[in-house]
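In what follows, a structure is listed as structure tokens, so that the remarks can point back to it.
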Amino acid sequence: MSSTSDSISSRHRDAIKSMPEWLRRPIGAASQLSQVQRIIKQRQIHTICEEGRCPNRGECYAQGTATFLLMGPTCTRSCAFCQVDKGHAPMPLDHDEPRKVAEAVQILGLRYVVLTSVARDDLADGGAGWFVATMEQIRSCCPQTQIEVLTPDFWGGKAEDTQQQQYQRIDLVVRAKPACYNHNIETVRRLTGPVRRGAKYDRSVDLLRHVQEVDPTIPTKSGLMLGHGETEDEILQAFADLREVKCDRLTIGQYMRPSLDHLPVHKYWTPQEFDRLGAIAKDMGFSHVRSGPLVRSSYHAGEF
């Protein structure tokens, strides 16, 4: 092994050792994991649970929830925190994917499903129609299953894209009546540039405002990852910005560095700090709040 490899391995070990005890947890029942993984692989579809290496996937699978990653595993953006594959051309759409996802939902008996996707700025509608097609397929075979969407901002990758075009894409998904419309701001305003490359803080907040204006009966939801160097005042301002656009639901979790190629962790917030921030968020008017080191966007989504 080269000295460079030795150095990288040593840095990986040091990073693992520095992780607080409260972030270490068993992955879940092997039988539950293997069943879901087998069904997913057989159909050549994807879940963000696997692609993002979510620490809660075993727990969620056991509770009958899962988050499907639509339109392939490769993102057209390059957010510095995200585990999802990026940096090369995305896969062509598998036109059978909506049916395959619906089939997996039926076989697994899922009662609550979250549909998310990579950013597909290469597509004319950013993939909005794909969300709708998948929702229709799930409802055709599993009418009792509730469907939450966790969408990108649908801005697109072309300089000539307009806000009106973005709104049209959002409207397409809203008219399909998801049980909840989720879009994550991920971090505070100051850190959006380095953390969410290609995204804009105000654009994400405005997306949530627009959803509420189009259909106020659909709950909106957003989430933040702590640990990028944000201050508590900045976090509370993000809460206020979300409440100003009538965002109903909030998730707050700890950023965990997927690899040495990703942004470093500036701080591990304690469970007690997460509890306090969650209590503040509830006092600010969020109807549902999940706050904890291992909380992710879809954590206990069906219980909201």
Side-chain angles (χ1 to χ4, degrees), residues 48 65-71 98 101-102 105 110-120 123-156 161-186 199-224 238-251 281-282 284-290 297-304:
I48 193 62
T65 62
T67 301
F68 290 90
L69 182 67
L70 305 179
M71 295 175 272
V101 169
V105 170
L110 301 180
R111 57 183 180 81
Y112 197 96
V113 171
V114 181
L115 299 179
T116 190
S117 78
V118 292
R120 288 299 300 258
L123 301 176
D125 69 351
W130 208 253
F131 276 90
V132 175
T134 308
M135 292 169 73
E136 289 173 348
Q137 286 287 330
I138 293 171
R139 286 170 174 161
S140 70
C141 65
C142 307
Q144 301 306 313
T145 298
Q146 290 190 287
I147 306 170
E148 176 178 320
V149 294
L150 170 54
T151 75
D153 61 21
F154 291 134
W155 183 258
D161 267 10
T162 66
Q163 187 177 63
Q164 187 58 36
Q165 289 173 311
Q166 180 205 26
Y167 285 173
Q168 289 170 355
R169 297 160 187 159
I170 297 166
D171 293 352
L172 192 65
V173 179
V174 172
R175 286 196 297 270
K177 288 282 189 180
C180 178
Y181 196 119
N182 188 353
H183 175 71
N184 289 330
I185 61 171
E186 304 288 10
K200 293 187 181 298
Y201 182 89
D202 288 326
R203 184 184 296 159
S204 287
V205 172
D206 183 66
L207 180 156
L208 295 163
R209 178 198 61 77
H210 183 71
V211 172
Q212 282 284 307
E213 287 188 352
V214 173
D215 190 341
T217 69
I218 297 176
T220 50
K221 180 178 171 185
S222 195
L224 291 102
F239 292 177
D241 293 339
L242 291 171
R243 285 302 299 139
E244 187 175 355
V245 296
K246 301 180 182 178
C247 182
D248 307 289
R249 304 175 180 184
L250 181 68
T251 58
K282 287 184 179 178
M284 292 177 71
F286 288 96
S287 61
H288 298 77
V289 178
R290 293 286 183 192
S297 302
S298 304
Y299 185 60
H300 286 212
E303 297 176 12
F304 269 108

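Residue numbers run from 1 in the order of the sequence given.
The main-chain N or O of D248 is found under 3.5 Å from a side-chain atom of S287 such that the two form a donor-acceptor pair. Using a distance-only test at 3.5 Å, with no hydrogens or angles considered, a donor-acceptor pair links the side chain of Q166 to the main chain of D153. With hydrogens and angles ignored, the 3.5 Å screen pairs a side-chain donor or acceptor of R120 with a backbone N or O of M71. Using a distance-only test at 3.5 Å, with no hydrogens or angles considered, no donor-acceptor pair links the side chain of D125 to the main chain of R169. A donor-acceptor pair is defined here as one N or O able to donate and one able to accept, closer than 3.5 Å; such a pair exists between the side chain of Q212 and the backbone of I218. T145 places a side-chain N or O within donor-acceptor distance of the main-chain N or O of L110, the cut-off being under 3.5 Å. Judged purely by atom type and a 3.5 angstrom limit, N182 has no side-chain atom pairing as donor or acceptor with the backbone of V149. Side-chain atoms of Q165 come within 3.5 Å of backbone N or O of T162 as a donor-acceptor pair.
Ionic pairing of R209 and D206 is present here: one or more N-O contacts between side-chain nitrogen and carboxylate oxygen are shorter than 4.0 angstrom. Look at K177 and D215 and you find a salt bridge, because one of the NZ, NE, NH1 or NH2 atoms lies within 4.0 Å of a carboxylate O, short of that distance.
Closest of all the heavy-atom pairs between M284 and R243 is O-NE, 3.3 Å. Of all non-hydrogen atoms in Y112 and C180, the two that sit nearest each other are OH-CB, 4.1 Å. Nearest heavy-atom pair across A102 and C141 is O-SG, 3.6 Å. The minimum heavy-atom distance between P152 and A119, with the atom names listed, is CB-CA, 4.3 Å. Of all the heavy atoms in K246 and T220, the pair that sits closest is O-OG1, 3.5 Å.
Under the 4.5 Å side-chain criterion, counting only non-hydrogen atoms from C-beta, V173 is in contact with F154. Using a 4.5 Å heavy-atom cutoff, the side chains of F286 and R249 are not in contact. Counting only heavy atoms from C-beta outward, the side chains of L150 and Y181 never approach each other to under 4.5 Å. Looking at I170 and V214, their side chains never come closer than 4.5 Å, going by heavy atoms from C-beta outward. Side-chain contact between L207 and R203: absent, with no pair of heavy atoms (C-beta onward) separated by less than 4.5 Å. Using a 4.5 Å heavy-atom cutoff, the side chains of S117 and W130 are not in contact. Side-chain contact between F68 and T134 is absent, with no heavy atoms from C-beta onward closer than 4.5 Å.
To the nearest 0.5 Å, atoms CZ (R290) and OG (S297) are separated by 13.5 Å. Between atom CD of residue E148 and atom CD of residue Q146 there is a gap of 9.5 Å, rounded to the nearest 0.5 Å. Rounding to the nearest 0.5 angstrom, the gap separating the OG1 atom in T116 from the NE2 atom in H183 is 10.5 Å. Distance CG/L250 to NZ/K221: 9.5 Å, rounded to 0.5 Å. Expressed to the nearest 0.5 Å, how far OG of S222 lies from CG of D241 amounts to 10.5 Å. Distance check, rounded to the nearest 0.5 Å: OG1 of T151 to CG of N184 gives 9.5 Å.
Classification of the Y167-H210 ring pair by plane angle, with boundaries at 30° and 60°, yields parallel.
Annotation: E244, atom CD; neighbour count of heavy atoms from other residues, nucleotides and ligands within 6.0 Å does not exceed 12.
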